[in-house]
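Here is the structure we will look at.
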Amino acid sequence: MGLKAKFNLVMLAAFLLGLSLAAWLSYVVVLQDAREEVLQQARIMIDVASAVRGYTDKEVAPLKAQNSVHFLPQTIPFFAAQTVLRGLSARYRDYAYKEASLNLTNPADQATDWQADIINAFQSNPIRQELIVERDTPEGPMLNLARPVWLDSEGCLSCHSTPERAPSSMIDLYGTKGGFGGKRDQVVGAQIVTVPLTIAFAKAHRVFLVLIGGIAAVFAATLLLLNLFLHFLVVRPVRKISAVAHEVSLGNLNIPKYQLRGGDEIAALASSFNQMRRSLVGAIRMLKMPT
């Protein structure tokens, strides 16, 4: 096996090892960045919903006290936030926002099984302020960001403590089957944002392929340059020195010496070989002289 073949095998083994490590690390990083990007989108959505809730509670809900005859769902933070975010879901169908509850007044707020698990997690650990859940769905993997909904104001208790305290128009609209029995500072539901991971993961895969392709291209160019360097500065001079040595060993003393300019180790080797050749030729000629 030639020197270049051995060199290329060593370089190829080092490249495959380095590429495997780089691929693993880069894949982990790009996927983590994709999740962080999706999580940031979810946090923006849930912050928008919270802003709508806050505005409704402070600015719109007081109108409810001025209208004791008719119940206005628009004055309820639950209703307002979901109505505003529903416009986003209409345009981006995989993005969703829901304020789910286990003890609900509006049937539209009914929690599904996995949403109920989130609410139960908040109820069992009131200190928890945020929960991130990834789910596989027929549409692809989804990231769900959830925050607890607290019964933390007298305005909420006026509608959700007992049917007697609730506006009669609300009772006429939703009935008395659910949404009552709430206590102050109790977790009664969860704000849940659903954002698809598919788009972000597809982008991450493209970035990953470009990155690995770039590394492979750099290695191929480096290997080509190193092979040219090895061929012209090492292999070819050594082959010529070997050819001259072979001719001298066959008795061809008239072969021209091999000249190699430079100050590197190969040039030093060529100079030493030429000196040895001159000494050898001189010694052979002396032996051939008649005594």
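The structure presented is a predicted model; accordingly, all values stated were derived computationally and were not measured.
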Worksheet item: side chain to side chain contact (heavy atoms under 4.5 Å, CB included) between F219 and L223: does it pass, once the steps are laid out?
Response: CA-CA 6 Å; F219 170 78; L223 186 62; 4.0 Å; yes
Worksheet item: Yes or no on side chain to side chain contact (heavy atoms under 4.5 Å, CB included) for L145 and V195, after CA distance, side-chain angles and deciding distance?
Response: CA-CA 8 Å; L145 175 66; V195 180; over 6 Å; no
Item to complete: Go through Q115 and K98 one step at a time and tell me if the side chain to side chain contact (heavy atoms under 4.5 Å, CB included) criterion holds.
Response: CA-CA 10 Å; Q115 292 169 347; K98 182 176 179 179; 3.3 Å; yes
Item to complete: Step by step, work out the side chain to side chain contact (heavy atoms under 4.5 Å, CB included) result for T194 and Y95.
Response: CA-CA 6 Å; T194 300; Y95 291 72; over 6 Å; no
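Between atom CG of residue N125 and atom CG of residue N120 there is a gap of 12.5 Å, rounded to the nearest 0.5 Å. Once rounded to the nearest 0.5 Å, the distance linking CG of L197 with CD of E37 reads 10.5 Å. How far CG of D136 is from CE of M142: 10.0 Å, rounded to the nearest 0.5 Å. In this structure, F201 CZ and R206 CZ are separated by 13.5 Å, a value rounded to the nearest 0.5 Å. Summarising the geometry, atom CE belonging to M11 is positioned 5.0 Å from atom CG belonging to L226; distances are rounded to the nearest 0.5 Å. Between the CD1 atom in I118 and the CG atom in D113 there is a gap of 11.5 Å [rounded to 0.5 Å].
In plain terms, the two heavy atoms of P148 and R128 that are nearest each other are CG-O, 3.9 Å. Closest approach of G140 to T137, counting heavy atoms only: O-OG1, 2.6 Å. Residues I192 and A100 approach most closely at CD1-CB, 4.3 Å, considering heavy atoms.
Annotation: I199, atom CD1; neighbour count of heavy atoms from other residues, nucleotides and ligands within 6.0 Å does not exceed 12.
Side-chain contact between R135 and N144 is present, with at least one heavy-atom pair separated by less than 4.5 Å. Taking the side chain as every heavy atom from C-beta outward, I132 and L143 approach each other to under 4.5 Å.
By the 30° and 60° cut-offs, the orientation of the rings of F208 relative to Y27 is perpendicular.
Looking only at atom types and distance, the side chain of Q32 has a donor-acceptor partner in the side chain of E36 under 3.5 Å away.
By the 4.0 Å N-to-carboxylate-O rule, R147 lies close enough to D47 to be salt-bridged with it.
Note: the hydrophobic cluster containing V28 does not contain V30 (ILVMFWY, side chain heavy atoms under 4.5 Å, direct or indirect links).
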